[in-house]
Amino acid sequence: MTTPNNNTPIKNRIGAVFIPVCNLKKAIEWYRKIIGLEGGEEHFGHLYVAPMEETASLILDAIPK
C-alpha cells in the first residue's frame, strides 16, 4: 500500500480507462461475456462506454484510421 502524499494536487483516482481495440463489435461481445456486462452506450461509431458499478468507466475505443 502507498502512503498518501498530501503535498500534491493530483488525486489517486481514475475516472476512466480507455482500452484500444481493433474490432469494436467483437470487443463488446468479449467484454460482455468475460465481465458480464449488460447495456452500455456506443458513441461516434468507435467508442463503447461499459456500465460499471463504481465511478470509473471502462471505455473501448476502436480508434478510426
Are Ile34 and Val21 in one and the same hydrophobic cluster, where Ile, Leu, Val, Met, Phe, Trp and Tyr link if side-chain heavy atoms are under 4.5 Å apart?
yes
Val49 with Leu58, same ILVMFWY side-chain cluster at under 4.5 Å
no
Atom pair CG (Asp61) and CG (Leu24), whose distance is rounded to the nearest 0.5 Å:
8.5 Å
Show the nearest heavy-atom pair for residues Cys22 and Ala62, with the distance to one decimal.
O-CB, 4.5 Å
Can you tell me how far apart CG (Asn23) and CH2 (Trp30) are? Round to the nearest 0.5 Å.
14.0 Å
Minimum heavy-atom separation for Ala16 and Ile14, please, with both atom names.
O-CG2, 3.3 Å
Smallest heavy-atom separation, Glu38 atom then Pro51 atom, equals O-CG, 2.9 Å
Heavy-atom side-chain proximity of His46 to Leu60 below 4.5 angstrom
no
Out of the candidates Ile19, Val17, Leu47, only one should pair with Ile59 under the side chain to side chain contact (heavy atoms under 4.5 Å, CB included) rule; please name it.
Leu47
Taking Arg32 for its side chain and Ala27 for its backbone only, find out whether a donor-acceptor pair lies under 3.5 Å.
no
Can you find a heavy atom in the side chain of Ile28 that is under 4.5 Å from one in the side chain of Glu42?
yes
Would a hydrophobic clustering, with Ile, Leu, Val, Met, Phe, Trp and Tyr connected at side-chain separations under 4.5 Å, put Met52 with Phe18?
no
